[in-house]
Amino acid sequence: KRPYTVLFIDGNHENFDRLYKYPVKEWKGGKVHEIRPSVLHLMRGEIFEICDKKIFTFGGASSHDIDDGILYMDEDEQWRKTARQFDLENKMYRICGLSWWEQELPTEAEMKNGFDNLKKHENKVDYIISHTPPASIIAEMGQGLYAQDYLTNYLEEIKQDVEYEKWFFGKCHIDKHIPVKFYAVFNNVTPLIK
């Protein structure tokens, strides 16, 4: 009933099993999962035209809070016994299908879709919105907690090959401008279009 539409990209602790069951629809030039008509998940590798601006979206991220492993519920309830043995204040683990999903990282098809869509737009967009920053931005920020992986390297390739005005990302849980084009967003509301 609100007079606006909520748009979001995914991070890494989403319930992907549930998210991917919502219907896929076309919206503003790209594909979305429609949660409700006014709540839309902007899918990975899509380009949306909003207020005469082209916006490339790419969600997903590696979990950094799984140092003690991933427990699997389908192993004869062994995960419950194992979970009770953990000192929850000092251990970092997730449970597959409950607090961790394989789909947190993109598939090859999603990455190819992103490259293909960018190519259709001659590798030029106004804004990029991702959850994860490119590898070089992680290094520049000194975010040693976040390791580089194939997603950060993919985004690094986009950083090098695509022309864009600004890039917004949320994984680092801080509000910070990284000159010239990068913006870590967390609590601040940052207008894209004025």
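Count residues from 1 along the sequence. Please read these numbers as outputs of a predicted model, since none were measured by experiment.
Shown here for R44 and G11, the closest heavy-atom pair between the two residues is NH2-O, 4.4 Å. The two residues H131 and G60 have their closest heavy-atom pair at CB-O, 3.6 Å. Considering every non-hydrogen atom in both N188 and D175, the closest pair reads N-OD1, 3.1 Å. For the residue pair L151 and D149, the shortest heavy atom distance occurs at N-OD1, 2.9 Å. Closest non-hydrogen pair, E156 versus A135, comes out as OE1-N, 3.4 Å. Across every non-hydrogen atom of T152 and P133, the tightest pair is CG2-O, 3.8 Å.
In the hydrophobic cluster analysis, where Ile, Leu, Val, Met, Phe, Trp and Tyr join through side-chain heavy atoms closer than 4.5 angstrom, F182 is grouped apart from F186. Note: the hydrophobic cluster containing V24 does not contain F8 (ILVMFWY, side chain heavy atoms under 4.5 Å, direct or indirect links).
Within the 4.5 Å cutoff, the side chain of F16 has heavy atoms near those of the E104 side chain. At least one side-chain heavy atom of K159 sits less than 4.5 Å from a side-chain heavy atom of W167. Side-chain contact between Y150 and M111: present, with at least one pair of heavy atoms (C-beta onward) separated by less than 4.5 Å. In this structure the side chain of K28 never reaches within 4.5 angstrom of the side chain of I55, judged on heavy atoms. Looking only at side-chain heavy atoms (C-beta outward), F56 and E46 stay at 4.5 Å or farther from each other. Annotation: side chain of F169 is in contact with side chain of I137 (closest heavy-atom distance under 4.5 Å). At a threshold of 4.5 Å between non-hydrogen side-chain atoms, the residues P106 and F58 count as touching. Inter-residue side-chain proximity for N12 and T132 is flagged as unmet; no heavy-atom pair is nearer than 4.5 Å.
The 12-atom threshold is not exceeded at CD of E108, counting heavy atoms of other residues, nucleotides or ligands nearer than 6.0 Å. For E163, the CD atom sits in a loose shell: 12 or fewer heavy atoms of surrounding residues, nucleotides or ligands are nearer than 6.0 Å. At most 12 heavy atoms of other shown residues, nucleotides or ligands fall within 6.0 angstrom of atom CD in E122. The neighbour count for D52 CG, taken as heavy atoms of other residues, nucleotides or ligands under 6.0 Å away, does not exceed 12.
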What do the steps show when you test V6 against I35 for side-chain contact (heavy atoms from CB on, under 4.5 Å), and what is the final call? CA-CA 10 Å; V6 174; I35 313 305; over 6 Å; no
Does the pair M43 and T57 meet the rule for a side-chain contact (heavy atoms from CB on, under 4.5 Å), with working shown? CA-CA 7 Å; M43 294 174 68; T57 61; over 6 Å; no
Walk me through whether I178 and M141 qualify under side-chain contact (heavy atoms from CB on, under 4.5 Å). CA-CA 8 Å; I178 300 98; M141 293 175 66; 4.0 Å; yes
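Rounding to the nearest 0.5 angstrom, the gap separating the CG atom in L118 from the CG atom in D161 is 9.5 Å. Rounding to the nearest 0.5 Å places NZ of K171 at 11.0 Å from OG of S130. Separation of atoms NZ (K120) and CD1 (I47) is listed at 8.5 Å; rounding is to 0.5 Å. Atoms CG and CG, from N123 and N117 in turn, are 11.0 Å apart once rounded to the nearest 0.5 Å. One distance of note links OG1 of T5 with CZ of R36; it measures 13.5 Å at 0.5 Å rounding. Within the model, atoms CD of Q148 and OG of S136 stand 8.5 Å from one another, a figure rounded to the nearest 0.5 Å.
For D17, the side chain to side chain donor-acceptor pair (under 3.5 Å) partners at least two apart in sequence or on another chain are W101, Q103.
Taking the six-membered ring where the residue is Trp, the centroids of H33 and Y20 are separated by under 6.0 Å.
Between Y127 and F168, the ring planes are perpendicular. Angles over 60° get that label, and only those under 30° would be called parallel.
Between D126 and K166, no side-chain nitrogen of the basic residue sits less than 4.0 Å from a carboxylate oxygen of the acidic one, so the salt-bridge criterion is not met.
Side-chain polar atoms of H41 and D10 form a donor-acceptor pair below 3.5 angstrom.
For the pair K54 and F48, the cation-pi test (distance below 6.0 Å, angle within 45°) is failed.
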